Amino acid sequence: MSPASQEETNLLNLFQRVSGIGVVAAKKFVDKGYKSLEDLSNDPNLTHHQCVGLKYVDEFEKEIPRDEMENLLAIVKKTLNEIDSRYNMEACGSFRRGANISGDLDIILTHPDFTEVEEKVVKRHKATTPLLAQAVQALEKYGFLTDFVSTGNVKYMGVCQFPGTDPRSNQPYLHRRIDLRFIPHENYYTGLLAWTGDDELNRIMRSRAKELGYTLNEYGLRRRIKTETEETPGEKIPINSEEDVFKKLGMPYMEPHERNLRGVVKKKYLMYEE
DNA sequence: GGCACGGCCCATTCGT
DNA sequence: ACGAATGGGC
DNA sequence: GTGCC
């Protein structure tokens with residue numbers, strides 16, 4: 001590779017370390033002649049997301065030990081249940097599968113008042129569901145949330161920090177990426193299953209569902225109605241636990257820590273999740 | 001051989 | 001002003 | 001690039 005294009009590749013990779021900068025934005029900044037993250041920081045047109053990404057570019061690359069994940073989650077649970085005991089929350093992703101380290105904290109939230117109907121209402125009004133707004137407000141007041149990346153109808157993305165000094169480093173705890181995702185309570189178990197993964201298990205369960213004439217996704221398990229010409233999702237199958245889903249698919253239940261299939265079943269496409 | 005490779009949420013920009 | 005398209009994240 | 005149709 002020529003020196004010039006090697007330098008360009010290096011810069012593209014550097015800029016893409018910043019959350020909020022992907023391939024397209026990185027190219028744009030290279031074209032502008034930027035050579036460093038400092039050049040980037042002087043750009044007056046960074047999006048808010050990119051500003052936050054740049055501010056914490058080093059911290060976001062550091063792994064989160066499991067005990068810190070547990071402590072962060074405990075704060076969220078305690079804070080939200082103090083304002084409303086009917087909040088239900090669970091951390092998903094590799095953490096729920098028992099990983100010793102994680103990249104960020106991804107929490108799904110439910111509340112008996114947040115139904116599929118309520119979700120439709122909220123989206124039509126383009127308003128953040130009050131249950132999410134209230135949760136974020138409580139966590140901000142506490143000082144736990146330090147920055148936001150985005151706040152929508154049903155999903156908050158931001159930055160949190162455990163209070164006090166980390167005994168491992170004798171420094172303040174690092175800033176960590178946190179997502180709060182509200183899902184209608186009817187979809188809790190299929191949502192939990194999907195966001196816990198891993199992606200390989202999701203594939204297996206979805207294709208098994210298909211074989212049996214269902215469709216499975218984070219919104220539920222449905223029968224597929226087949227007519228001559230078209231195929232439409234049918235009635236929703238009632239699901240009251242993760243076990244229910246495995247049962248309907250004729251699969252033995254797998255505990256979350258048994259769901260690390262990636263690499264066991266060999267696959268080239270390591271795309272989504274976490 | 002041709003085709004798909006997840007699908008949706010949020011922020012921002014573009015086009016009318 | 002508003003909806004569509006794009007970029008990004010997961 | 002690979003697996004599926």
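All values derive from a computational prediction rather than experimental measurement. Order of the sequence lines sets the chain letters (A, B, ...), proteins ahead of strands, with each chain counted from 1.
- Comparing dG6(B), dC10(C), dG7(C) against the side chain of Asp179(A) picks out dC10(C) as the nearest.
- Distances from the side chain of Val154(A) to the nucleotides dC9(B), dC10(C), dG7(C) place dC9(B) closest.
- Taking only side-chain atoms of Tyr219(A), from C-beta outward, the nucleotide of dG8(C), dG9(C), dC9(B) with the closest atom is dC9(B).
- To the nearest angstrom, P of dC10(C) lies 14 Å from OH of Tyr156(A).
- Partners of Tyr156(A) under the ring-ring contact (aromatic ring centres under 6.0 Å, His included) rule, at least two apart in sequence or in another chain, do not exist in this structure.
- Using a 4.5 Å heavy-atom threshold, the side chains of Asp67(A) and Arg168(A) count as touching.
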Apply the test side-chain contact (heavy atoms from CB on, under 4.5 Å) to residues Leu80(A) and Leu139(A): give CA-CA distance (whole Å), side-chain angles for both, the deciding distance (0.1 Å), then the verdict. CA-CA 8 Å; Leu80(A) 299 199; Leu139(A) 292 165; 4.1 Å; yes

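- Nucleotide dC8(B) holds its C1' atom 12 Å from the CE atom of Met157(A), rounded to whole Å.
- The CD1 atom of Ile204(A) sits 16 Å away from the C1' atom of dG6(B) (whole-angstrom rounding).
- Taking side-chain N and O atoms only, Asn153(A) has a distance below 4.0 Å to OP1 or OP2 of dC10(B).
- Atoms CG (Asn202(A)) and C1' (dC5(B)) sit 16 Å apart, rounded to a whole Å.
- The stretch residues 42-56 of chain A touches DNA chain C through His49(A), each having a heavy atom under 4.0 angstrom from the strand.
- Phosphate proximity of dG6(B) to Arg203(A): present, with a side-chain N or O under 4.0 Å from OP1 or OP2.
- The ring-ring contact (aromatic ring centres under 6.0 Å, His included) search around Phe15(A) returns none, not counting sequence neighbours.
- Put simply, CG on Asp104(A) is 12 Å from P on dG9(C), counting in whole angstrom units.
- Rounded to whole Å, the distance from NZ on Lys27(A) to P on dG7(C) is 10 Å.
- Shown here is Glu140(A), whose CD atom has more than 12 heavy atoms of other residues, nucleotides or ligands within 6.0 Å.
- One atom, NZ of Lys155(A), and another, C1' of dG7(B), lie 11 Å apart when rounded to the nearest Å.
- Comment: Asp39(A) does not engage Lys32(A) in a salt bridge, judged by the lack of any side-chain N to carboxylate O separation of less than 4.0 angstrom.
- Across dG6(B) and dG8(C), the matching C1' atoms stand 15 Å from one another, rounded to whole Å.
- Note on ring orientation: taking the six-membered ring where Trp is involved, the planes of Phe144(A) and Tyr142(A) are perpendicular (angle over 60°, cut-offs 30° and 60°).
- Remark: Lys123(A) is in phosphate contact with dC9(B), judged by side-chain N or O atoms under 4.0 Å from OP1 or OP2.
- The shortest distance between the side-chain N/O atoms of Arg181(A) and the OP1/OP2 oxygens of dC8(B) is not below 4.0 Å.
- Nucleotide dC8(B) holds its C1' atom 11 Å from the CZ atom of Arg206(A), rounded to whole Å.
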